[in-house]
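Accompanying notes for the structure given below.
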Amino acid sequence: MWAFFARDPVKDFNYEILPETQETSGIWTLHRGKRKTGGDPVSVFVYEVSTGTEEQTQLAKAAFKRMKTLRHPNILAYVDGLETEKSLYLVTEQVTPLTAHLKAQSDRGGSGDLEMSWGFHQIVKALSFLVNDCHLLHNNLGIWSVFVDRAGEWKLGGLDHMTPENEDASTSLPSAKAVHSDMDKYDPPESPNGGEKWAGDVWRLGCLIWEVFNGPLPRTSSLRSLGKIPKALVPHYCELVGANARARPNPARFLQNCRAPGGFLSNSFVESNLFLEEIQIKDPAEKHQFFQDLSENLDSFPEDFCKHKVLPQLLTAFEFGNAGAVVLTPLFKVGKFLSAEEYQQKIIPVIVKMFSSTDRAMRIRLLQQMEQFIQYLNDAAVNSQIFPHVVHGFTDTNPAIREQTVKSMLLLAPKLNESNVNQELMRHFARLQARDEQGPIRCNTTVCLGKIAPYLNAGTRQRVLISAFSRATKDPFPASRAAGVLGFAATHNYYSVTESAARVLPTLCTLAVDPDKNVRDQAFKAIKSFLTKLETVSEDPTKLAEIEKDVMSSAQPAGAAASWAGWAVTGVSSLTSKSYMFLFRSLCRLGWHPPQKQDELVSLASSEAVKKQSSDWSSSGWDADDSWSNEKEADIQGQSSPGEDRWDNDWEGRTAPATKSAALPEGVRLASEYDWDIKEDTQTDFLANVSQRATPTPTVGDGWSAEPAGDWGAEESWESVGGSPGLSKTELAKKKREERRKELEAKRAERKAAKGPLKLGARKLD
């Protein structure tokens, strides 16, 4: 029993003092410590009774009592305490003495005026609270009584000499200069009762300002030298250290004067801090505007302030304040200051929760800024918590969300498991490429597929790539056709020599006569690349194994993806911008002209010409089951846009002249007997005719003509194709188009005349 009373209370204390972490702070010794149970960092002020005088012990006990009873955001926060016969332990929030903080800031380049302004604002506000609200006098204000927490906020401490305003400090507690002989230089020149009650504390506030900007105060007369005190603060500083004690301002009035327009405390940093302190009572509209402006101001704010004050408020605003997508931009900006471990603990859980939000603005912001946090996401979280929500964007009715979802797959694909990337993702890509009404989205889907091909397993690559890129080459949107060509080039190492010769090259060769020159140029480059590959194997069959080494290779890990070919696009965004240039040129060929005024601009994707192309694409019935398969490839290759159908029919319907191929069976033709052996200038005219025939032209009636302009029928003779002695091929084609147009107009006129005028209510008889 007696052993229980003999136990040392220090051993049962819930806080542990860390060794070699002590600094002198007046009569106290400041140590760093931590809570034994949770490990939370704290500061511990220790006073040893045995080493102090009776006066110092009296001051320590008075400060211990004051710390327990005073609560204010700008006063050092009391956490716990222990008083024994030998020692006093005062536990507070983790802080650093202002002198040590300023020295550390000086080593890193110095503290900025923004940080100084908010620090003085906090100290003056705490002093105003003591003087005006609590009717207390601090009597010990100085650089030694100011501390700085982790967020860089200044806290007022040193409550050893605090007394009520109506009590004489000399009779109740020893004065500061009685304990420390060098403190007399901080005392005001007048007698203790020579001015307003706050005159002494305000004078010491002026001494604090001088020491913060100029260093330790050597003597009282040095206060007359301004030194490095900012000009905006000089007039107010002079009021604090004026000889007339009754003219010195109340701390509240000093604060008000400094916050006037142009004052030292009038800046965005102070305003942002004041808003954050009252954010819980602000209207939603004010919060929304604040977070929007905060993104621009964060670059000038101190790093510690962003990490320890702004970040918790952002997380709270999202968790409980329903702030929405507006917090994302400042959140990711602050995240740059965090370590990888801190990012995982504080931001990643919030991001994972954000992906489940139904707010479209939130979802599209997350997709657009995924590059900033993707490296912190682990594979398990991506597959189980993020990807199931992201895939909903593939079927969203908003085209912008569908497009951003496709682009995000470039970042998510390396982290997806085999099931998600080879089955779920391919299913959505197949549907987008076949059915999406927006040409740029179909184009980006093709590009993305080419870029994530290294992450697919060998079976999926064999089943999907050729079918998908072949489908893209038949898209009415020119940029999609170019993307299909680039896809073949980017994934050339995944095709065997047999596939290259039998499936890839025939598809690419059809694009050699594409109406769009950009598509033709890319097709020729790809054809040359594949032909070089085949020639290499033909000359040296031993190189076959080396060339086909990647055909059956397994999916590559993150960061090992094969790059695009040297002439291919470098990213989705660059191809998207080119896609609109393709679309612009296509619309101009269809008769659309850009508006003359900026306010007349309309979305290209919604113009009538694009709607017609999209309807042709969506109504073509490609792969109704949203899958790519080799069995359906014949059907896929057999369908194309109307211009392509006419071009294919022309080639199929033409046969070689009998005089040149009499020995060949009927219907058999030779490639050498076609227009390719015509001289070079004739080939140019030939391609021009192809472009004209593949592009529909407007007619007099509504809509596009059902008959192709200048169509070549099967009945045309070889001589008519080659041209007549009097006319060039271009002139001959133009003449034929004119004759055909007149014939159609005559037929329409005959049909209209045969119908005759009808009277209202009359019945037409056959």
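Start at 1 with the first residue, then count along the sequence.
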Is there a side-chain contact between C238 and V234, using heavy atoms and a 4.5 Å cut-off?
-> yes

Nearest heavy-atom approach of L331 to L311 is CD1-CD1, 3.5 Å

Flag the pair Y343 / I351 as yes when at least one side-chain heavy-atom distance between them is below 4.5 Å, and no otherwise.
-> yes

Got a donor-acceptor contact below 3.5 angstrom from the S356 side chain to the K353 backbone?
-> yes

Pairs touching residues 262-272 that satisfy side chain to side chain donor-acceptor pair (under 3.5 Å), sequence neighbours left out = S117-N267, R259-E271

Under 3.5 Å, is there a donor-acceptor pair between the side chain of D160 and the main chain of L59?
-> no

Just grab all the ring pair (Phe, Tyr, Trp, His ring centres under 6.0 Å) pairs involving residues 207-248, residues at least two apart or on different chains.
-> F120-F213

Determine, step by step, whether L205 and R248 satisfy the side-chain contact (heavy atoms from CB on, under 4.5 Å) criterion, reporting the C-alpha distance in whole Å, the side-chain angles of both residues, the deciding distance to 0.1 Å, and the verdict.
-> CA-CA 11 Å; L205 176 62; R248 293 173 196 158; over 6 Å; no

Are Y47 and Q56 close enough that some pair of their side-chain heavy atoms sits under 4.5 Å apart?
-> yes

Taking the side chain as every heavy atom from C-beta outward, state whether F254 and L265 have any pair of such atoms under 4.5 Å apart.
-> no

Shortest non-hydrogen contact between L141 and D201, atoms and distance | CD2-O, 3.7 Å

Taking all heavy atoms of H138 and all of L130, pick out the closest pair and write down the distance.
-> CD2-CD1, 4.0 Å

Keeping to residues at least two apart or across chains, list the side chain to side chain donor-acceptor pair (under 3.5 Å) pairs with something in residues 33-43.
-> Y15-R35

Listed partners of K197 passing salt bridge (charged side-chain N to carboxylate O under 4.0 Å, His left out), at least two apart = E165

Could you check if a side-chain atom of L366 sits within less than 4.5 angstrom of a side-chain atom of S357, using non-hydrogen atoms only?
-> no

Donor-acceptor under 3.5 Å (Q404 side chain, I364 main chain) | no

Considering residues, nucleotides and ligands other than Q256, do more than 12 of their heavy atoms fall under 6.0 Å from its CD?
-> no

Determine yes or no for a side-chain-to-main-chain donor-acceptor pair under 3.5 angstrom, with D283 supplying the side chain and A285 the backbone.
-> no

May I ask you to test the N74-L127 pair for a side-chain heavy-atom distance under 4.5 Å?
-> no

Compare every heavy atom of S295 with every heavy atom of T329, then report the nearest pair and how far apart it is.
-> CG2-OG, 3.5 Å

Just wondering, more than 12 heavy atoms not from E371 lying within 6.0 Å of its CD?
-> no

Counting only heavy atoms not in R219, do more than 12 fall under 6.0 Å of its CZ?
-> no

Is there a donor-acceptor pair under 3.5 Å between the side chain of K415 and the backbone N or O of L377?
-> yes

Should N14 and D80 be marked as a side chain to side chain donor-acceptor pair (under 3.5 Å) after you check the CA-CA gap, both sets of side-chain angles, and the distance that decides it?
-> CA-CA 9 Å; N14 197 25; D80 199 353; 5.8 Å; no

E153: which of H308, K309, H121 passes side chain to side chain donor-acceptor pair (under 3.5 Å) | K309

Measuring from F290:CZ to E286:CD, what's the distance to the nearest 0.5 Å?
-> 11.5 Å

Could you tell me if the ring centre of W144 sits under 6.0 Å from that of Y186?
-> yes

Backbone of L30 reached by a side-chain donor or acceptor of E23 within 3.5 Å | no

State, to 0.1 Å, how close G158 and S145 come at their nearest heavy-atom pair, and which atoms those are.
-> CA-CB, 4.0 Å

G157 and L76: which non-hydrogen atoms are nearest, and at how many Å?
-> CA-CB, 4.4 Å

Residues which pass side-chain contact (heavy atoms from CB on, under 4.5 Å) with E341, listed by chain and number, not counting sequence neighbours | S339, Q345

From the options F147, Y89, Y78, select the one residue that forms a ring-ring contact (aromatic ring centres under 6.0 Å, His included) with F45.
-> F147

P188 vs R204 side-chain heavy atoms within contact, under 4.5 Å | yes

Not counting sequence neighbours, which residues clear side chain to side chain donor-acceptor pair (under 3.5 Å) with T92? List them please.
-> none

Close side-chain approach of K333 to L294, heavy-atom, < 4.5 Å = no

